[in-house]
Chemist: 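Starting off with a structure, shown below.
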Amino acid sequence: MMPKNLKQWIRIAGTVLLAYVISHILIYDISSISYFKPMEKSRELSITDFYQIVASRKNVKPLEGNIAIVSIDSCGRKEIAHLLDAIDFCNPAAVGLDVMFNYPSSDDSILIKAIEDCNNLVLPCTAVFDPLSGLCTGYTGSFFYNRLSSRKSLGAVNLAGNDMQSLIREFPPFHLCNGDTIANFATELVRIASPESYRILKERGNDMETINFPYNEIAVYSPDEILEFSEELEGKIVLIGSIDEPWDHHITPVTTKMPGIMIHAHAIATMLGNIYIKELDGWIIWLIAILLSTAMLLIKEKIDNLKFESLIMRLIQMLMLYIIVVTGYWFYNRHLLSIDFAIPLMMVGLIFMARDIWSGGESVLQTIKEKIKNKKDIS
């Protein structure tokens with residue numbers, strides 16, 4: 001399979017280099033123009049999204065045993081107060097109330113008392129960011145927080161997206177605001193319920209963590225079911241929030257309409273299960289792309305001049321592309337390792353175009369050499 005002379009090796013090396021340059025330009029240069037919604041900067045497209053979509057459709061997902069959601073759609077403040085009392089009676093590990101109360105009402109005294117009496121409760125706040133610098137300048141919360149007689153934990157409910165149309169695939173564990181650290185809503189619940197999971201998260205030290213959506217099914221209860229299933233809530237992280245409110249539905253890799261409370265639940269599941277997605281270093285991915293592209297050219301040299309050679313190479317190319325995708329999914333599904341095979345896919349797809357360009361360049365150089373030789377012979 002090895003080329004027989006130095007010229008063939010130079011052709012292979014030059015072709016691979018050309019394919020690398022073209023791929024690099026397409027991924028990092030053209031895509032960095034705002035018109036094209038930059039791949040690397042906005043990350044609107046990710047190979048991990050593809051892996052998560054496939055995993056969510058094929059895997060039989062177990063019920064997450066440490067998390068439960070209680071839907072409060074159509075509940076008023078008095079009902080929420082009674083619900084807090086009932087959930088606290090179930091002795092959960094932590095309770096997250098994902099509801100922001102922006103204005104006073106006649107039922108506030110009942111609600112405030114229920115909040116004060118509820119153990120291990122995390123209340124929501126919203127981190128506020130300066131639109132110019134992008135830095136967190138503080139946070140806002142429900143109107144009555146300064147009226148609480150006992151200090152309650154706060155967690156920022158901000159999602160990692162600029163608007164409702166943003167694809168939510170990750171969450172920020174912490175926000176640094178004017179020198180103070182505000183934990184994410186999910187992070188604060190994990191801190192209370194599982195100090196060991198919280199320790200692992202902090203040791204990772206990442207500004208963003210990818211949410212592993214496909215691996216857990218989250219149980220959802222209605223307020224009327226709390227007493228019936230009280231034993232199932234014991235020791236769990238219980239999230240209280242809206243499931244059906246359209247304004248709180250977001251796009252994720254696995255669905256176009258996921259409630260915000262469910263996104264927080266999957267972020268918690270990622271931390272509790274230590275099912276963080278690891279990403280292969282970029283230089284290794286480019287090395288894989290170069291090796292696969294080189295292999296394609298070596299195969300081409302081996303079968304050159306065979307009958308139906310062009311058809312055979314296209315079939316081999318399609319087979320290699322398929323193997324790349326299947327291998328990437330296998331690593332993700334078995335080892336939670338996300339390999340951005342978009343780069344190898346691109347290089348393998350472009351390698352024969354690069355070969356044609358290289359051959360064309362060789363022909364042009366050969367023509368120029370012949371013209372120069374002819375002129376010398378005439379003179």
Side-chain angles (χ1 to χ4, degrees), residues 27-28 31-32 37-53 55-56 96 98 122 124-131 133-137 139 154-191 194 197-216 250-255 258 260-282 284-285 332 335-340 342-343:
I27 290 175
Y28 294 108
S31 64
S32 66
K37 285 190 177 275
M39 296 180 191
E40 285 297 307
K41 296 177 182 177
S42 71
R43 294 182 61 82
E44 286 300 322
L45 300 173
S46 170
I47 198 71
T48 305
D49 297 343
F50 169 76
Y51 298 148
Q52 294 215 32
I53 291 170
S56 67
D98 187 17
V122 176
C125 66
T126 302
V128 179
F129 295 89
D130 183 272
S133 66
L135 299 176
C136 180
T137 58
Y139 65 90
L154 297 179
V157 294
N158 303 67
L159 298 176
N162 297 324
D163 51 50
M164 293 296 293
Q165 298 303 313
S166 296
L167 192 153
I168 308 299
R169 66 165 62 88
E170 53 192 6
F171 73 97
F174 303 96
H175 297 286
L176 184 62
C177 294
N178 291 331
D180 293 329
T181 299
I182 302 176
N184 179 274
F185 187 66
T187 303
E188 185 64 14
L189 285 163
V190 169
R191 183 190 68 81
S194 178
S197 298
Y198 179 76
R199 181 189 65 79
I200 293 172
L201 173 73
K202 289 201 71 175
E203 287 182 352
R204 289 173 61 82
N206 295 330
D207 293 333
M208 286 286 180
E209 291 286 359
T210 301
I211 303 172
N212 204 336
F213 287 103
Y215 284 88
N216 298 284
H250 305 269
I251 303 171
T252 71
V254 296
T255 180
M258 182 174 287
I261 192 76
M262 187 66 72
I263 294 175
H264 292 309
H266 281 291
I268 292 170
T270 300
M271 289 183 276
L272 292 181
N274 193 22
I275 50 175
Y276 297 103
I277 298 173
K278 303 174 285 292
E279 293 189 1
L280 202 64
D281 291 341
I284 299 178
I285 295 172
Y332 173 81
H335 303 286
L336 295 178
L337 178 63
S338 177
I339 304 176
D340 189 359
I343 292 171

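Please read these numbers as outputs of a predicted model, since none were measured by experiment.
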Chemist: OH/Y332 to CD/E279 distance, rounded to the nearest 0.5 angstrom?
Modeler: 11.0 Å
Chemist: Tell me the closest heavy-atom pair linking T210 and E170, and the distance in Å.
Modeler: CA-CB, 3.9 Å
Chemist: Output the distance between atom CD1 (I168) and atom CD1 (I251), rounded to the nearest 0.5 Å.
Modeler: 8.5 Å
Chemist: Restricting to non-hydrogen atoms, name the atom on F213 and the atom on P253 that form the minimum distance, rounded to 0.1 Å.
Modeler: CE1-CD, 3.7 Å
Chemist: Rounded to the nearest 0.5 Å, what separates atom OG1 in T187 from atom NE2 in H175?
Modeler: 8.5 Å
Chemist: Quick one: closest heavy-atom pair of P214 and Q52, and the distance?
Modeler: CD-OE1, 3.1 Å
Chemist: Go through it in stages, so that I can follow the logic: the residues are T48 and I277, the test is side chain to side chain contact (heavy atoms under 4.5 Å, CB included), and I'd like the CA-CA distance, side-chain angles, deciding distance and then a yes or no.
Modeler: CA-CA 9 Å; T48 305; I277 298 173; 4.1 Å; yes
Chemist: Hey, does N206 have a side-chain heavy atom less than 4.5 Å from the side chain of Y276?
Modeler: no
Chemist: Name every donor-acceptor pair, under 3.5 Å, that has one atom in a side chain of residues 261-275 and the other anywhere in the protein, sequence neighbours excluded.
Modeler:
residue: T270; atom: OG1; partner: N212; partner atom: N; Å: 3.0
residue: T270; atom: OG1; partner: H266; partner atom: O; Å: 2.9

Chemist: By the definition side chain to side chain contact (heavy atoms under 4.5 Å, CB included), identify the one residue from I182, N178, D180, T126 that meets it with Y139.
Modeler: I182
Chemist: What pair of heavy atoms forms the shortest contact from I339 to Y51, and how long is it?
Modeler: O-OH, 3.0 Å
Chemist: Which atom names give the shortest non-hydrogen contact between C125 and L154, and what distance separates them?
Modeler: SG-CB, 4.2 Å
Chemist: Hey, what do you get for CZ (R199) to NZ (K202), rounding to the nearest 0.5 Å?
Modeler: 11.5 Å
Chemist: How long is the gap from CG on L189 to OG on S197, to the nearest 0.5 Å?
Modeler: 12.5 Å
Chemist: State, yes or no, whether a side-chain contact exists between L201 and V190 at a heavy-atom distance under 4.5 Å.
Modeler: no
Chemist: Which heavy-atom pair separates D130 from S133 by the least distance, and what is that distance?
Modeler: OD1-N, 2.8 Å
